[in-house]
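Below is one structure, written out as structure tokens; comments come after it.
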There are 2 protein chains.
Amino acid sequence: MNLKELSQALELSQTTVSRALNGYPEVSAETRSRVEEMARKLGYAPNQQARRLATGRSMSIGHVIPRSLHEMMNPVFMEFIAGAGETYSRHGYDMIISVVEDHNVEAAYREIASKKKTDAVMVHGPRSSDERPALLKELGLPFLIHGRVPGLEHATSWIDVNNGRAFERATNLLLDLGHRRIALLNGLEDMDFAARRRAGFDKAHHDRGLQTIPELLRAADMTEPYGADSALEMLKSPEPPTAFMVSSMITAIGVARAIGLCGLKIGRDISVITHDDALSFLPNCGDVPIFTCTRSSVRDAGSRAAQLLIEKILPNPDTIVSEHLEAELIIGQSTGPLPTQA
Amino acid sequence: MNLKELSQALELSQTTVSRALNGYPEVSAETRSRVEEMARKLGYAPNQQARRLATGRSMSIGHVIPRSLHEMMNPVFMEFIAGAGETYSRHGYDMIISVVEDHNVEAAYREIASKKKTDAVMVHGPRSSDERPALLKELGLPFLIHGRVPGLEHATSWIDVNNGRAFERATNLLLDLGHRRIALLNGLEDMDFAARRRAGFDKAHHDRGLQTIPELLRAADMTEPYGADSALEMLKSPEPPTAFMVSSMITAIGVARAIGLCGLKIGRDISVITHDDALSFLPNCGDVPIFTCTRSSVRDAGSRAAQLLIEKILPNPDTIVSEHLEAELIIGQSTGPLPTQA
DNA sequence: TTGAAAGCGTTACCAT
DNA sequence: ATGGTAACGCTTTCAA
């Protein structure tokens, strides 16, 4: 069933039928309802490919995922996608995901642009130095960044958790509780989000005239063993930390495991604060969450990002929009005052 | 730069240029190389939408994700996607992901079919009773199932881990070690994979004339707290289990936490075997993995699934292909002989 | 308010 | 081996 057949069945021109279905104002109310009814009855749906060719819009948004990025960001990324995907659907957009090797990222974007595959792209996991914004501008491909690229805050559109402030507040909480030896298990610090968390951590210390402790600072892929091994090593050192700031729930679970292995109790002997992306399979809620955390739903971020891209950037590709999401600081069972020395 | 312009630059017809670029045999070698060079020089890339309209093929594969499914399967799903995505790219296919509410799944498939959005779809997370195969057949949409639908093993194409056999072997390992009170923390058993694991678990018992113990059998969303809370409750009961079979690494981490909270040592006091999907952010490898596990890379499954779909099913939609993936049984640190009663 | 017809950029059939 | 031309199914401009 295509437009031609539908219009023949209605004894109308394709033009009128098309207009009726696409909400053009000049078609009479009666004709429109007649058309709509017949379309429903005959199960007509416009062919996507034809419409795309005719309008020049693909009605889809691209997500290019460098393998290296998604390796560790998988769960976070997926949750973002889920949020974005729902919003796309509501607006009639498709989501096209390309998983590519790192050295093929540029080629993937060039292909999207030259073949007119998608109307815009979402950029994930910006690094402190990232070439994608420049490339996408050159290609004329509208885009929104989930995160920020330093120096391009005013030149690109983005949505980002206020990572610096979140970690500054969390660190201050620990400092207020009396902790002075605070470990930081961060993500890889060439990722912008990790760099900002580090900066927030540092700032909280410096503002009180305190120094961070180099032996207690780590940056790596945020796996569970990373948390466990790092914590184990630190806790067994001559001068162990009394608290941990951790960049991911998964790593925090590793830290908790290590604390248990040392025969210590989390929240009493050792405090832990983690960032919580509110992943559905790692719930950390309840009356008193297991982990004290800085929480920001990455799913909501995805949904909001999609909305900004579709409603603001697509209609006017030169618009610059940016949005900060504040993370909540939620007190759970994993923090407590510095234990008095035994 | 489109085909017309390119052919003008070459002083050839569009027909010939198109043929040269698409590898048709009847074009002379010299012409072909001339065309290819010019195309490269001028940066020509065929417009995707036009090609789709002309060929009637969308060159894309759809993944419809019911929200309820992805809620818990997120990380597993993402890893599958990553594997599939790479294979799609290599074959020039796009991956379209639709995240929809459960009650919109049927509508989503109907839309894909009627609007000719994708050439085929991948079906995720089949339930013991699943209406999707019937719907997709009705719609004439080629598909491959990741998993199986009972009763349709010979009527549909699928790729699946041999879940039953994996859990049977793992259970036998525990029984061989002397364990007789084995708990099962399964996924929701209306999911086919969970039902098969349960069956394997049961069979291992029954083959030795043993009974499973109802109080030690659970089925739920595979979160970390599910593992911790269930294990805690069971371990504190009058007749605690001596071993756990767990359906997911994440849940197993919860079990490990509970064991620690009880002051017990995993692998010595309590044995644990988990299924390990080989997720990149939950590595369980090394010389001696933390968890004894049944391991099967879901990423490889994705890659293989994509290959089957593109190479077997698309060229001939009536083909039925099915493939079993065997899970490895890997001995880690979390299993040991039944402790002698104190 | 409605319709005819010209694109949109390919591919594919039929000639030559 | 190459070219002319008709699809593909829709949107959109121009006329009426």
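Here is the naming used below: chain letters follow the sequence lines, and residue numbers restart at 1 for every chain. All values below were derived from every heavy atom in this structure, side-chain atoms included, with hydrogens, water molecules and symmetry-related copies excluded.
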Checklist entry - Applying ring-ring contact (aromatic ring centres under 6.0 Å, His included), which residue pairs with at least one partner in residues 83-123 of chain A are found, sequence neighbours left out? => result A/H63-A/Y88
Item to check | Over 12 non-hydrogen atoms of neighbours within 6.0 angstrom of CD in A/E30 | outcome: no
Checklist outcome for this item: Within residues 24-47 of chain B, the residues having a heavy atom closer than 4.0 Å to DNA chain C are B/Y24, B/Y44, B/A45, B/P46, B/N47
Next on the checklist: Between C/dG3 and A/R19, counting only base atoms on the nucleotide and side-chain atoms on the residue, is there a donor-acceptor pair under 3.5 Å?
Outcome noted: yes
Next on the checklist: I need the single residue from A/F80, A/F193, A/W158 that forms a ring-ring contact (aromatic ring centres under 6.0 Å, His included) with A/H124. Which is it?
Outcome noted: A/F80
Item to check | Heavy-atom donor-acceptor pair, A/R34 side chain to A/L10 backbone, under 3.5 Å | outcome: yes
Checklist entry - Counting only N and O atoms by type, is there a donor-acceptor contact under 3.5 Å from the side chain of B/S58 to the main-chain atoms of B/K117? => result yes
Item to check | Spacing between B/R51 atom CZ and C/dC8 atom C1', to the nearest angstrom | outcome: 16 Å
Checklist entry - For A/M1 and D/dG9, what is the distance between atoms CE and C1' respectively, to the nearest whole Å? => result 13 Å
Next on the checklist: So if I take residues 10-17 of chain A and measure heavy-atom distances to DNA chain C, which residues fall below 4.0 Å?
Outcome noted: A/L12, A/S13, A/T15, A/T16
Checklist entry - Knowing that exactly one of B/P317, B/P133, B/S157 qualifies, which makes a side-chain contact (heavy atoms from CB on, under 4.5 Å) with B/F143? => result B/P133
Item to check | Short side-chain to backbone donor-acceptor contact, B/N2 and B/K4, under 3.5 Å | outcome: yes
Item to check | side-chain contact (heavy atoms from CB on, under 4.5 Å) partner of B/I97, chosen from A/I97, A/I96, A/D94 | outcome: A/I97
Checklist outcome for this item: From CD of A/Q8 across to C1' of D/dG9 the rounded distance in Å is 13 Å
Checklist entry - Can you tell me how far C1' of C/dT11 sits from CG of A/L53, to the nearest Å? => result 12 Å
Checklist entry - Should we count NZ of A/K312 as having more than 12 external heavy atoms under 6.0 Å? => result no
Checklist entry - Over how many whole Å does the gap from A/R52 atom CZ to D/dT12 atom C1' extend? => result 19 Å
Next on the checklist: Nearest whole Å is fine: how far is D/dT11 P from A/Q48 CD?
Outcome noted: 11 Å
Checklist outcome for this item: Taken to the nearest whole Å, CG/B/L6 to C1'/C/dT10 is 13 Å
Next on the checklist: Under 4.0 Å from OP1 or OP2 of C/dC8: is there any side-chain N or O of B/N2 that close?
Outcome noted: no
Next on the checklist: Tell me the interatomic distance from A/K4, atom NZ, to C/dG3, atom C1', rounded to whole angstroms.
Outcome noted: 15 Å
